[in-house]
Novice: 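Handing you this structure, nothing more for now.
Just so you know, ligand 1 is whichever comes first in the structure, and atom 1 is the first atom listed for that ligand.
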Amino acid sequence: MFKGVLFDLDGVIADTSTLHFDAWKKLVNNYFSAKLPDSLEEKTKGVSRGDSLKVILNYLDVSVSDTMFQRLLVEKNQTYLASLENLSIKDRLPGITEFITELKQHEIKLALASASLNGPAILDKLELRDAFEAIADPSKVPYGKPAPDIFIAAAKALELNPRDCVGIEDSSAGITAINHSGAYSVAVGTHPELKAANMLLASTAELNLDTIRQAYPHN
Ligand code: XGP
Ligand code: MG
């Protein structure tokens, strides 16, 4: 049986992925008078703030100075934080409360492996900070998702081998990261690129210990 679960945050624990993309869209509209297609959302999912902006600038085919790049990052985050003002326990995604309770009952350790620098603040708003034994700091790992670093750091913070952990993700960059870390990957969502996961669930409502335990290969 696995001993730890390494959670992504946006789109797995909280319904915040769309808020991120809304903030990116607003930024691009304000600064470049352009619209981002919904198809770009998957490419900004799971990746860091800076990498998301690179994806977007690349799509727009524009280059900006370093100063402007930093300004855009700050402004995007201000817009995003403003949209979180009323975030609360009600914004936990379906099934998350029950799944976390089940994991705790079985003494399985929890770590956060999010690319977001806002992770700790969001866990506080969702009243979930105490449920997590560790929060891996994305600013302290050399490479962001799709590199495996944040999942390796999260397992290490739990004093576990990634092989003894399950990673849960809603983004294809995140699934690639889990797969390369050695943990067992569980994807939640319907995007075709999530098929690279070891286990694919249509939504967080399907997360439960028995389903994963039965499929987990290192019992
Ligand atoms: P942070 C965020 C990115 O801004 C966003 O584009 C990604 O989709 C998200 O992380 C993935 O979790 O990072 O701005 O909250 O630090
Ligand atoms: Mg995510």
Novice: For ligand 1, what is the set of protein residues having any non-hydrogen atom at a distance below 4.0 Å?
Specialist: Asp10, His20, Trp24, Thr44, Lys45, Gly46, Val47, Arg49, Ser52, Lys76, Ser116, Leu117, Asn118
Novice: The criterion is ring-ring contact (aromatic ring centres under 6.0 Å, His included); which residues satisfy it with Tyr216, sequence neighbours excluded?
Specialist: Phe2, Tyr184, His218
Novice: Do His191 and Lys45 have side-chain atoms, one donor and one acceptor, less than 3.5 Å apart?
Specialist: no
Novice: Taking Lys25 first and then Asp38, would you say they form a salt bridge - that is, a charged N and a carboxylate O separated by under 4.0 Å?
Specialist: yes
Novice: Any donor-acceptor pair under 3.5 Å linking the side chain of Thr204 with the backbone of Pro94?
Specialist: yes
Novice: Should we say atom NZ of Lys3 is surrounded by more than 12 heavy atoms from elsewhere, each under 6.0 Å from it?
Specialist: no
Novice: When you check the side-chain N and O atoms of Glu42 and Ser172, is any donor under 3.5 Å from an acceptor?
Specialist: yes
Novice: Are Lys104 and Glu133 ion-paired here, with the side-chain N under 4.0 Å from a carboxylate O?
Specialist: yes
Novice: Salt bridge or not for Glu169 and Lys145, using N-O below 4.0 Å?
Specialist: yes
Novice: Under 2.8 Å from the Mg ion (ligand 2), which protein atoms of type N, O or S occur, listed by chain and number?
Specialist: Asp8 OD2, Asp10 O, Asp170 OD1
Novice: Do any pairs count as a ring-ring contact (aromatic ring centres under 6.0 Å, His included) and have a residue in residues 130-166, sequence neighbours left out, and if so which ones?
Specialist: Phe7-Phe132
